[in-house]
2 protein chains.
Amino acid sequence: MGKVARRTQEQRTAETRHRLLDATITLLLERGYFRITTADIASVAGVSRGALTHHFVSKEDIVTQAVQHQLRKVTVDLHELADSLEGKSTDEIVDYLWEMMAGGLFLVTLEYLPEARHNSEFKAQMTPVVKEFHAALDAIWARLSQHAGIKPSQAQVMLNATMCLIRGMVAQTIVRDDPDYFRSLLAYWKGHLREVFVLDRRSPQARPRRKVSAAE
Amino acid sequence: MGKVARRTQEQRTAETRHRLLDATITLLLERGYFRITTADIASVAGVSRGALTHHFVSKEDIVTQAVQHQLRKVTVDLHELADSLEGKSTDEIVDYLWEMMAGGLFLVTLEYLPEARHNSEFKAQMTPVVKEFHAALDAIWARLSQHAGIKPSQAQVMLNATMCLIRGMVAQTIVRDDPDYFRSLLAYWKGHLREVFVLDRRSPQARPRRKVSAAE
DNA sequence: TAAGATACAGACTGGCCGGTTCGTTTCTTG
DNA sequence: CAAGAAACGAACCGGCCAGTCTGTATCTTA
């Protein structure tokens, strides 16, 4: 049988870790944090449990790093979205964020949140990972606000609200199978965003039609 | 020693079940679904595991019934809120809903959602419980909309959006310790609600409240 | 008040799983 | 190429826990 080509230690490590992290995300999504075992992860990754325990000191450790892995990929995607913003509507941005969150990102979050709430060590490991992502989001919101006729501070609040709305909706999808309901909520929110957010293609000084009350 | 007063079977059952359901909610909130055992629940309730297994066929069963118990109590509270709505602002309603959700209701939900997502039997048991609650919410929203003088359909969407926003925010509180952030989101949302409710105030029909149906 | 029914108590068990340990293979370095 | 280091594989173990089962107490009913 064809032996694997000779690789440097660095390559072996990178590949194995990568496979394990991908497998972890896949399994978090498919089976959830409390229903997967380290043996499952190793199996899906196609390596032994020994390999897993060699690279990650605990289950919490590999999950934390897997989430970081995922969030960083998503951050890259979002920056690409911000790159290609010409002619995009706020509707499209909302749709994009919804697809992203409902398509797995927030479902994975929902899997580890209960653990984070009750396992302080795990929470301590996860906190900086989440902070990094939130900071990245703020940067992306700032970029989006540049394309619109509103102040960055307003964009921050509105887009963070958008994310929270979507989070709540995704959570509800688990126990509420009602696409029309979610469509109506998204449609309402898109309408609201359109009123305030004017994605601008030419004139850089488009003004908001309404004032938004920022922090109290 | 003072023996327990003689009780009918019905009383014994009701009391034991009630203690077990209360203990389940308490423990779901404090330790989470996957970190509590049926032995824990029995212990907190002050009964034996035998009593628990006598009244509930499985862990999923007792959790489902405990959640139903909690949701029905919350429904009563919300109807009381709707009763005493004179002179209340939308700000106060938002604050009430936030306190309710962040104070435990949605944290409990977050505990069982992962199980519901991956355990189809559990999900099947939980679905009607959640549906009942959603229907109750719709009825309450209808009452609120009559009070505020806006169209029921609009109130449905806005108040459901409010709930989803709050859900997303509560989820985020677990990994984001930043009260100012959440305050600013709530402040923004209150402002938005004020605008809409004021906007539709111009056709106020001050009719007496009537019973409303949850039907679409 | 006796017999059956219901409520409750507590021991047992079989499977699971994360962490540990140790042996083997692959790569690096001098 | 030899020796050490890193990567990996696999068996083992100790604790945990939901469900089961059997025995006992309390209540109902005829």
Side-chain angles (χ1 to χ4, degrees), chain A residues 1-21 23-24 27-28 31-66 111-112 114-115 118-119 121-122 125, chain B residues 1-21 23-24 27-28 31-66 111-112 114-115 118-119 121-122 125:
Chain A
M1 49 213 157
K3 283 195 95 177
V4 179
R6 187 182 178 86
R7 297 167 298 171
T8 65
Q9 298 278 56
E10 202 178 5
Q11 286 171 328
R12 292 176 79 192
T13 295
E15 195 173 317
T16 300
R17 285 179 54 96
H18 197 271
R19 294 165 69 119
L20 283 167
L21 294 179
T24 303
L27 285 172
L28 278 176
R31 295 189 219 165
Y33 184 90
F34 296 97
R35 298 174 91 85
I36 59 178
T37 69
T38 51
D40 292 335
I41 297 174
S43 165
V44 167
V47 301
S48 70
R49 265 197 84 228
L52 187 152
T53 61
H54 176 71
H55 288 289
F56 303 95
V57 298
S58 67
K59 184 180 179 181
E60 290 98 314
D61 183 33
I62 190 171
V63 168
T64 305
Q65 295 201 38
E111 293 297 333
Y112 72 73
E115 182 68 7
H118 302 290
N119 180 338
E121 265 186 57
F122 178 70
Q125 291 172 3
Chain B
M1 53 211 148
K3 283 196 94 177
V4 179
R6 189 179 178 88
R7 296 167 298 170
T8 66
Q9 299 278 55
E10 202 177 4
Q11 286 172 328
R12 292 176 79 190
T13 295
E15 192 173 320
T16 301
R17 285 179 55 96
H18 197 271
R19 293 166 69 119
L20 283 165
L21 293 178
T24 303
L27 284 172
L28 278 176
R31 295 190 219 163
Y33 184 90
F34 296 96
R35 298 174 92 84
I36 59 178
T37 69
T38 50
D40 292 333
I41 296 174
S43 164
V44 168
V47 301
S48 71
R49 265 199 85 230
L52 188 151
T53 61
H54 176 72
H55 289 288
F56 304 94
V57 298
S58 66
K59 184 180 178 180
E60 290 97 316
D61 182 33
I62 190 170
V63 168
T64 305
Q65 297 201 37
E111 293 296 333
Y112 73 72
E115 182 67 7
H118 302 291
N119 180 340
E121 266 187 57
F122 178 70
Q125 291 173 2

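In the text below, chain A, chain B and the rest are named by the order of the sequence lines, each starting its count at 1. Keep in mind that this is a model prediction, so the values were computed, not measured.
- Taking atom CZ of residue R35(B) and atom P of nucleotide dA18(D), one finds them 14 Å apart after rounding to whole Å.
- The CD atom of E60(B) sits 13 Å away from the C1' atom of dC17(D) (whole-angstrom rounding).
- Y33(B) has its OH atom 13 Å from the P atom of dC17(D), to the nearest Å.
- The side-chain contact (heavy atoms from CB on, under 4.5 Å) test applied to Q9(B) returns R12(B), not counting sequence neighbours.
- E121(B) has its CD atom 10 Å from the P atom of dG19(D), to the nearest Å.
- By the side-chain contact (heavy atoms from CB on, under 4.5 Å) test, A45(A) is found to be paired with R19(A), L20(A), A23(A), V47(A), residues two or more places apart in sequence or in another chain being considered.
- Following rounding to the nearest Å, E15(B) (CD) and dC27(D) (C1') show an atom-to-atom distance of 15 Å.
- The CZ atom of F56(B) sits 9.0 Å away from the CD1 atom of I41(B) when rounded to the nearest 0.5 Å.
- Scanning for side-chain contact (heavy atoms from CB on, under 4.5 Å) contacts around T37(B) gives A39(B), D40(B), with sequence neighbours left out.
- Spacing between atom CG of D61(A) and atom C1' of dT20(C) amounts to 16 Å, rounded to whole angstrom units.
- Within the structure, side chain to side chain donor-acceptor pair (under 3.5 Å) pairs that include any residue of residues 44-56 of chain B comprise T38(B)-R49(B) (at least two apart or interchain).
- I36(A) comes within 4.0 angstrom of sugar-phosphate atoms only, judged by non-hydrogen atoms across all strands, and of no base.
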| said: What does the B/S/- profile of nucleotides 3-16 of chain D look like, 5' to 3', with a 4.0 Å heavy-atom cutoff to protein? | reply: ---SBSBBB-----

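- For F122(B), the side-chain contact (heavy atoms from CB on, under 4.5 Å) partners at least two apart in sequence or on another chain are E60(B), V63(B), T64(B), Y112(B), E115(B), A116(B), N119(B), M126(B).
- Nucleotide dG18(C) holds its C1' atom 12 Å from the CG atom of D40(A), rounded to whole Å.
- dT6(C) atom C1' lies 17 Å from atom CG of L52(B), rounded to whole Å.
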